[in-house]
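Here the structure comes first, spelled out in structure tokens, and everything after it is commentary.
We use all heavy atoms of the structure for the numbers below, so side chains are in, but hydrogens, waters and symmetry mates are not. The structure displayed is predicted, hence computed values, not measured ones. First the proteins, then the strands, lettered A, B, ... as listed; each starts at 1.
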Amino acid sequence: MLKMYDFAAIERKWQSRWERDRLYRTADASEKPKYYSMDMFAYPSGDLHVGHAKNYSLGDAVARMMRMLGYNVLHPMGWDAFGLPAENAAIDRGIDPAVWTTENILNMRRQMRLMGTSFDWSREIATCEPEYYRWNQWLFLRLYERGLAYKREAPVNWCPHDRTVLANEQVIAGRCWRCDHLVERRNLSQWFLRITAYADRLLRDLDRLAGWPDRTRTMQRNWIGRSEGVAVKFAVEGLDVPIEVFTTRADTIYGATFLAVAPEHPIVPSLRAGTSADRAVAIDRFAAELSSKSELERTSLMEKQGVFTGAYAIHPLSRERVPIWLANYVLAEYGGGALMGVPAHDERDFDFATKNEIPIVQVILPDTAEAAAPLDASFTEDGRLIASDAFSEMSSGRAREAIAARLAEMGAGEPRVTYKLRDWLISRQRYWGTPIPIVYCDACGEVAVPDDQLPILLPPREHATGEGSPLGSIPEFVNTTCPKCGGPARRETDTMDTFFESSWYYLRYLDPHNDRMPWDPQRAAHWMPIDQYIGGAEHAVLHLLYSRFFYKFFHDEGWVAGGDEPIERLFHQGMVLRDSEKMSKSRGNVVGIDDTAERHGVDAMRLFLMYVTPPEETSNWTDAGISGRVRLLNRIWRACEPHFGVPASDAIAPDAQDDSDKALLRAVNLVAKSAVDETMTRRFHYNTTIAKLDELVNLMTAASSQAPSPALQYAVRTLPIIIAPFAPHIAEELWERLGNKTSVHLERYLEPDTRALTVDEITLVVQINGKVRARIPAPAGVTEEEALALALADPNVRSHLDGKEPRKRIYVPGKLLNLVA
RNA sequence: GCCCAGAUGGCGGAAUUGGUAGACGCGCUGGUUUCAGGUACCAGUGGUGGCAACACCGUGGGGGUUCGAGUCCCUUUCUGGGCACCA
């Protein structure tokens, strides 16, 4: 007799057999209902660790459960294969990024197979392959045709370490999301995608995403940042062009004592031209000082600063002269880069006005105040208007409408909705990405590359240097001919943000080898939306927002049918820590897949990762913890071993003969019920399912020392089915040794039997004044009167009643009797 | 500063609808088997008191609703996450 089941041999055996039998290939046509179950694809960084394993174990359990519950499950995997780490590794070690990436993919694919995942590898994709990125280029051209991709000069985030620009979403607290360096600000001509055109739909449709975590929806809502207000035109003395400002507080307009514009505002040159030489110098100096400062430096880190331009605007309602300032706290890219300063009712304006000795005029009184008193801070809440001509005495709410209407009448203002969301900057000055399919011709200007010239292949790496835009240093790549006039032309040398690829990869899985279209719309109509998407919360405003944007575009183009949201249900798994710290190579605390598989087996690893915490929580890896799961698997093996080779009598659950039989049958069904419930409610707390499995195995171990009963035989025969989604290898081996010829993973999951789950004896809890005083065994159908009689017969209950008559009685059938004395 | 989530034994966690708090596992203690070892088996394990029956206390702190609160309400502390001059 083996002391330990031979997990290494068993796991190897079944992995190769599954592959040989193509067990996890998904047919597009099926009688069964479709279920698209997707894990976020992997960045090929080199090695998988148990943090990845937690993610894929969960996704795999869900996919396997749904298959066994009768769904046609699509469960693919692929590689987010473009990106900077490959390029940096290439620079550091002198290898081609393509080679580095391919080697990593090979290794990680091996590790994913080693984990016993049930991915359909026939649909595998890698975004760095021309077969994939040509459709990136194709999609870019469609966006370009619709005016949703455009190039413009703008102040952008530049990471000096990674030597590229970044999208707004990729700057975390002023730092690069990848390398954590402070970003700088540069004015560069860059490619953007017009995600702001979808801002309203992206916001509104969040309400429909009931299957998404609230916090993710909240993050997206805040990121989109919709504000309703008024765009107000202030005429400028001596100029034909007015300054337009955006405000959500039109009710405070009579308190506007200055205008503030960003140094980048287009009116600044005109203002500079009309001012004194001294002031012009001050303006230049101020603008120059700010131009290289990142938004973080300009905002959070700096005091409010400004220079007076010498120019004045005319207040549209009061007709008073209002000084125009340049200010560092005005964002160039929001609200038109200009604001009206109302120091009495805005904290920032108050701060600025105080520093620059600008008058503070109070126009809103708190509802509780009688008269205006000098302010030592701004009052930013709603109240009642004063010193506002005809609008005085109105409430803030009414005044906002009335003033907006008045401004509209005068042609000096109009309602405006503004978003914090900015267009998605997709240019990257890096090599390892999708070339943007545009050429520049001296005669024709910016020209889109025709579809039949796609893909524009990434040239071999050896010609590119690490400096500047790498593609720009390869003349063979840059120099081309204009598709329109045939004259000499230069290619765009920027590559695309890798989030472009990941915004649509879920559609390519549906049709991975199509060479005429990125995907067949009919397949999209069949498989979309993704029923269950599992991945980290760190993509809440990146990948998950961009994907929604792309899908809405696809929907508008008619390339997908049904709704315009790609993801029905979303689940964020938690991280895995080691010694309460994030695993990283530099800390040397990485727990690898290979090592863990070798020492404990992957079934034990999968069970541990699902058992240690609910999947959305952060878990801690411990060696003691996994040995508990190894122990469980050994106990399962030993409980089943005496039944190996014994022909199965029949597949029907036997009638329980005695209490221990009943308990055993009930335990079997409790595991199944938990597994089914956790799957169908999408809670995925399989930790509780596995705890119930422990209880079952405890009972089976106890029953093994008795004479074999039909209930135990039934439990043994059923066990492989109920553990199959969680420990797929041992399940298969037990299944085979118990005499079955086909894969356990093709079986139908055990349908929980209500009859087996019901108990006929309960523990009646008797409380006196809400405190438990007795626990009395009672028949399940015990009536209130019977329960009372049982309770009153209990000595402890009697002593606590102390001869008193219960005033009140609360009875919860089959559970509890509370007597109030 | 604003928004969101959380706090339960020595540890991870369970308690899905207000109804037996601590399931299950880890660890620890005692025992069995074994030449020995443990990744085997059995039993015990929230705190205090008690031989015991049992009693009291106990789900971050304080208050409340209720026959009854880990669960609901108010308040407060701490931890984690997100946003952060967005006019």
Could you pull out the protein-nucleic contacts involving nucleotides 24-29 of chain B (nitrogen or oxygen on both sides, under 3.5 Å)?
from	atom 1	to	atom 2	distance (Å)
B:C24	O2'	A:Tyr611	OH	2.9
B:C24	O2'	A:Asp694	OD2	2.9
B:C24	O2	A:Tyr611	OH	3.0
B:G25	OP1	A:Asn698	ND2	3.2
B:G25	O4'	A:Tyr611	OH	2.5
B:C26	OP1	A:Arg631	NH1	2.6

message: What's A:Ser227 touching, base or sugar-phosphate or nothing? Going by heavy atoms closer than 4.0 Å.
response: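 Here A:Ser227 touches the backbone only, sparing every base.
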
query: Across the strands shown, which category fits A:Gln220 at heavy-atom distances under 4.0 angstrom: base, sugar-phosphate, nothing?
result: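 Result for A:Gln220 = nothing.
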
message: Check this for me, if you would: do A:Arg226 and A:Asp200 make a salt bridge, where the nitrogen-to-carboxylate-oxygen distance has to be below 4.0 angstrom?
response: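 Yes, A:Arg226 and A:Asp200 are salt-bridged.
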
Nucleic acid contacts of residues 807-819 of chain A, taken as heavy-atom distances under 4.0 Å to RNA chain B: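 A:Lys808, A:Ile810, A:Val812, A:Lys815, A:Leu816, A:Asn818, in order of number.
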
message: For the residue pair A:Tyr546 / A:Glu169, report whether a side-chain donor-acceptor contact shorter than 3.5 Å exists.
response: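 There is such a pair (donor and acceptor under 3.5 Å, judged by atom type) between the side chains of A:Glu169 and A:Tyr546.
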
Got a list of side-chain donor-acceptor pairs under 3.5 Å for residues 759-776 of chain A, not counting sequence neighbours?
from	atom 1	to	atom 2	distance (Å)
A:Asp760	OD2	A:Lys662	NZ	3.4
A:Asn769	OD1	A:Ala821	N	3.0
A:Arg773	NE	A:His800	ND1	3.4

- prompt: Should the heavy atoms of other residues, nucleotides or ligands under 6.0 Å from CG of A:Asp376 be counted, would the total exceed 12?
  reply: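 Open.
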
Check: A:Tyr254 ring centroid to A:His315 ring centroid under 6.0 Å: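 Yes; A:His315 has its ring centre under 6.0 Å from that of A:Tyr254.
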
A:His800 side-chain N/O to B:A55 phosphate OP1/OP2 under 4.0 Å: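 Checking B:A55 against A:His800, a side-chain N or O does come within under 4.0 Å of OP1 or OP2.
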
Are there any protein N/O atoms within less than 3.5 Å of an N/O atom in nucleotides 46-50 of chain B, and if so, which ones and at what distance?
none

task: For A:Lys771 and B:G19, give me the distance from atom NZ to atom P, rounded to whole Å.
output: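 Answer to the nearest Å: 18 Å.
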
field: Under-3.5 Å donor-acceptor pair between A:Glu617 side chain and B:G13 base
entry: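 Donor-acceptor pair under 3.5 Å: no.
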
message: According to side chain to side chain contact (heavy atoms under 4.5 Å, CB included), who are the partners of A:Phe352, at least two apart in sequence or on a separate chain?
response: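 Scan of A:Phe352 (side chain to side chain contact (heavy atoms under 4.5 Å, CB included), adjacent residues dropped) gives A:Phe258, A:Lys304, A:Trp325, A:Ala327, A:Tyr329, A:Asn356, A:Ile358.
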
Side-chain donor-acceptor distances from residues 692-704 of chain A under 3.5 Å, at least two apart:
from	atom 1	to	atom 2	distance (Å)
A:Asp694	OD1	A:Arg629	NH2	3.4
A:Asp694	OD2	A:Arg629	NH1	2.9
A:Asp694	OD2	A:Arg629	NH2	3.3
A:Asn698	OD1	A:Arg635	NH1	2.7
A:Asn698	OD1	A:Arg635	NH2	3.0
A:Asn698	ND2	A:Asp694	O	3.4
A:Thr701	OG1	A:Arg635	NH2	3.3
A:Thr701	OG1	A:Val697	O	2.8
A:Ser704	OG	A:Met700	O	2.7

message: Would B:G9 be called syn or anti here, given the cut-off of 90° from 0?
response: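 Judged by the O4'-C1' to base torsion, B:G9 sits in syn, the angle falling within 90° of 0.
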
